[in-house]
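The analysis underlying the following values was restricted to heavy atoms, covering all of them including side chains, and did not include hydrogens, waters or symmetry mates. Predicted, not measured: the structure shown is a model, and the values here were computed from it. First the proteins, then the strands, lettered A, B, ... as listed; each starts at 1.
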Amino acid sequence: MSENLIGYIDDQGNIIDTQSAGENCTATPIEYDNSEASLEIIRHSTAHLMAQAITELYPNSQFFVGPVVDEGFYYDFRVDEKIGEEDLKTIEKKMKELIKKKYKIEKYEMSKAEALEKFANDDLKQKVMSRITDDVLSVYKQGEFEDLCRGPHVPALRFLHNFKLTRVAGAYLGGDENAEMLTRIYGIAFADKEALNAHMLMLEEAKKRDHRKIGSEMELFMFNEEAGAGLPFWLPKGARLRNKLESILHKAHRMRGYEPVRGPEILKSQMWHTSGHFACYGENMYLTEIDGQEYGLKPMNCIGHIQIFKNAGKSYRDLPLRYYEYGTVHRHEKSGVLHGLLRVREFAQDDAHIFCTPDQIKSVILEVVEFVDSVMKLFNFNYTMEVATKPEKAIGDDAVWELATQGIKDALIENNLPFDIDEGGGAFYGPKIDVKITDALGRKWQCGTVQVDFNLPERFEAEYVGEDNERHNPVMIHRAILGSFERFIAILTEHYAGEFPFFLAPVQVIFVPIADTHVEYANKLKAELLYKDIDADVYDKNDSLNKRVRNAEKQRVPYVVIIGDEEVANKTVAIRDRRAKEQYNLTQDEFMVKLTQQLQEGKI
RNA sequence: GCCCAGAUAGCUCAGUGGCAGAGCACUUCCUUGGUAAGGAAGAGGUCGGCGGUUCUAUUCCGCUUCUGGGCUCCA
């Protein structure tokens, strides 16, 4: 038996540890390394080692579950003492002490009845066992420490070296927010120090890209305690960026046959009763009273668009009719989930509603999917699609739901577009396609969504006159591509680490005049650029040239342009190209042509 | 909402039961410099807010607001 053997993996991908395998196991051996199977065993054992250390440090602690997760492992437990970040080091130290004792990890089995008896005075273990259907349970033992566990584990503690406890948090027992809150400690483990270090480095890189950090460095947005949580303020640089994104999309919508519209921010509550928002979404709505009438701040834009649709009689010849709005909505998100621009209480959706006939659904979905694809390509995002079906809280007949869900699936299948299913994840008024994008660090985000709705048009009696001269309810397709400007800009910021493509950068060009005598020429160039929709600033503060170049670079400006005697005399510019990381000179005209061309890259 | 940790100058952060600190940013002056920090001086704070303990609270205690890490992943 190899020194490095820690388990086996069978044809079905089941991991069998050495304690369970017996003498003549024929499954494929798992060596101690950074393979997926190996890491699963190592991390699970590290979770146990952590539990053992916690037991020694806090003798009255009781353990719930300690699984391996995408980002390492965790253990949930109940403990009288408060455990903070500081205590993680102490626990790590205790873990290292335990390793030195060279315990083997041993396994034994017992019947469920015996186990219930053995852990009779441990209510958390009782809860764990109540969820297990097997008749025979196993216990793993290392030194004095024993834990009910199905494995798999490494053969001995000597395999555990390269781990790090990363954070401590509260977690509801079983994820139920009405249940007791346990303490959870997260950790990560690898087979060697290099992999651990690489992982820690990746976490640091993610931290450097954090949109909250870059957002404040680049002066994109801010929050204000007195104004309230989750209510972002856009600073000039952030507003420039956002305006650029909005303009790109305005044109993209108009080119695809959408009409701009705009509904009110606040509507009488009766509207929300009719729509079903009150019943299905009421707890997230902000309400107020005006002249004895209750009003609700809109959490979605659909109601407004339906009223606009109903404003004048519609014919089947008008369909599909596409309305879009950068609709500002308010949603009462729980205070604990607010997170920078990623989760806020006021945000603007790039929202559109397409009214169509049932037999247009498929083509409308496909045209929206094409739109999504163009936007994702513009920002170099990979993405996947997920079809979400009827949730528990929903309005409308099952038959209608079935029809709409099948319509979505058919459209995707017929065009060979791959998708996953999210059972029960739909909106309360209809099934949907969710678009999940993958950013530069491989993280996934949900942004765009396409929802088919047979319910709201009927509830609001939105109608069109068909070819048969009869009145019909249109089908309504709700869709957003970015999702919201707030979230999407947060993701873009992290995706690009603040190095936005030229067509989005809040400052696209910054002129650095060497001396006062060069400011006039710089201002003239700046005005010309602004006229061409290119944001330029002149940086003529009384600082050294070096310092101004440094500050401009730190602001991640794509083009830093130095203007001195030579440039003024020859009508040229000396460019420091941050994205291409090179320096070169161009004539004034060449420069204008280059930038104008580059602006075209932002067209879709 | 719940658990844990925080909140000190515009920003990043030291510090203390008894005069409030640094660097950067800001203002003024000198410097007019050819590609990542030139020099000097100055100004800037109800130590998040309210209440309590105390001769004295930014510091200790309570509440509150805001921020951060978490709250699907099943022995």
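A:E217 comes within 4.0 angstrom of nothing in the nucleic acid, heavy atoms only. A:K541 comes within 4.0 angstrom of sugar-phosphate atoms only, judged by non-hydrogen atoms across all strands, and of no base. Base contact: A:D565 has a heavy atom under 4.0 Å from a base atom.
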Expected rows: protein N/O vs nucleotides 47-50 of chain B N/O, under 3.5 Å:
none

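Residues that satisfy the salt bridge (Lys or Arg N to Asp or Glu O under 4.0 Å) test with A:K571, not counting sequence neighbours, are absent from this structure. Residues satisfying the side chain to side chain donor-acceptor pair (under 3.5 Å) criterion with A:S111, sequence neighbours excluded, are A:E114. Scanning for salt bridge (Lys or Arg N to Asp or Glu O under 4.0 Å) contacts around A:D210 gives A:R212, with sequence neighbours left out. Residues satisfying the side chain to side chain donor-acceptor pair (under 3.5 Å) test with A:E92, not counting sequence neighbours, are none. With sequence neighbours excluded, the residues that form a side chain to side chain donor-acceptor pair (under 3.5 Å) with A:H277 are A:S275. Residues that satisfy the side chain to side chain donor-acceptor pair (under 3.5 Å) test with A:K125, not counting sequence neighbours, are A:D147.
Residues A:R579 and A:D577 are not paired through a salt bridge, judged by the lack of any N-O separation under 4.0 Å between the basic side chain and the carboxylate. Looking at A:E553 and A:R576, a side-chain N of the basic residue comes within less than 4.0 Å of a carboxylate O on the acidic one, giving a salt bridge.
Between the NE2 atom of A:H332 and the CG atom of A:L287 there is a distance of 11.5 Å, given to the nearest 0.5 Å.
Aromatic ring pairs are classed by plane angle as parallel below 30°, tilted from 30° to 60° and perpendicular above 60°; the pair A:F502 and A:Y559 is perpendicular. Using the six-membered ring where Trp is involved, A:H211 and A:H339 have ring planes that are tilted, between 30° and 60° apart.
The side chain of A:R576 places an N or O atom within less than 4.0 Å of a non-bridging phosphate oxygen (OP1 or OP2) of B:A36.
B:G34 atom C1' lies 19 Å from atom CZ of A:R550, rounded to whole Å. Atom CG in A:D516 sits about 11 Å away from atom P in B:G33, given to the nearest Å.
Here, B:C11 and B:G52 have their P atoms 30 Å apart, quoted to the whole Å. To the nearest whole angstrom, the two C1' atoms, one in B:C4 and one in B:G42, are 44 Å apart.
Between the side chain of A:N542 and the base of B:U32, no donor-acceptor pair of N or O atoms lies under 3.5 Å.
If you check residues 120-143 of chain A against RNA chain B, the residues with a heavy atom closer than 4.0 Å are A:V128, A:R131, A:I132, A:D134, A:L137, A:S138, listed by number. At a non-hydrogen distance threshold of 4.0 Å, A:R212 from residues 197-216 of chain A come into contact with RNA chain B.
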**Q.** Dot-bracket summary - RNA chain B, pairs being Watson-Crick or G-U whose distances fall under 3.5 Å, with | when paired to another strand
**A.** (((((((..((((....[..)))).(((((.......))))).....(((((..]....))))))))))))....
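For residues 329-344 of chain A, the set of pairs meeting the salt bridge (Lys or Arg N to Asp or Glu O under 4.0 Å) definition, not counting sequence neighbours, comprises A:E177-A:K334, A:E333-A:R343. Within the structure, salt bridge (Lys or Arg N to Asp or Glu O under 4.0 Å) contacts touching residues 487-498 of chain A (residues at least two apart or in different chains) are A:R443-A:E494.
Donor-acceptor pairing under 3.5 Å is lacking for the side chains of A:Q19 and A:Y108.
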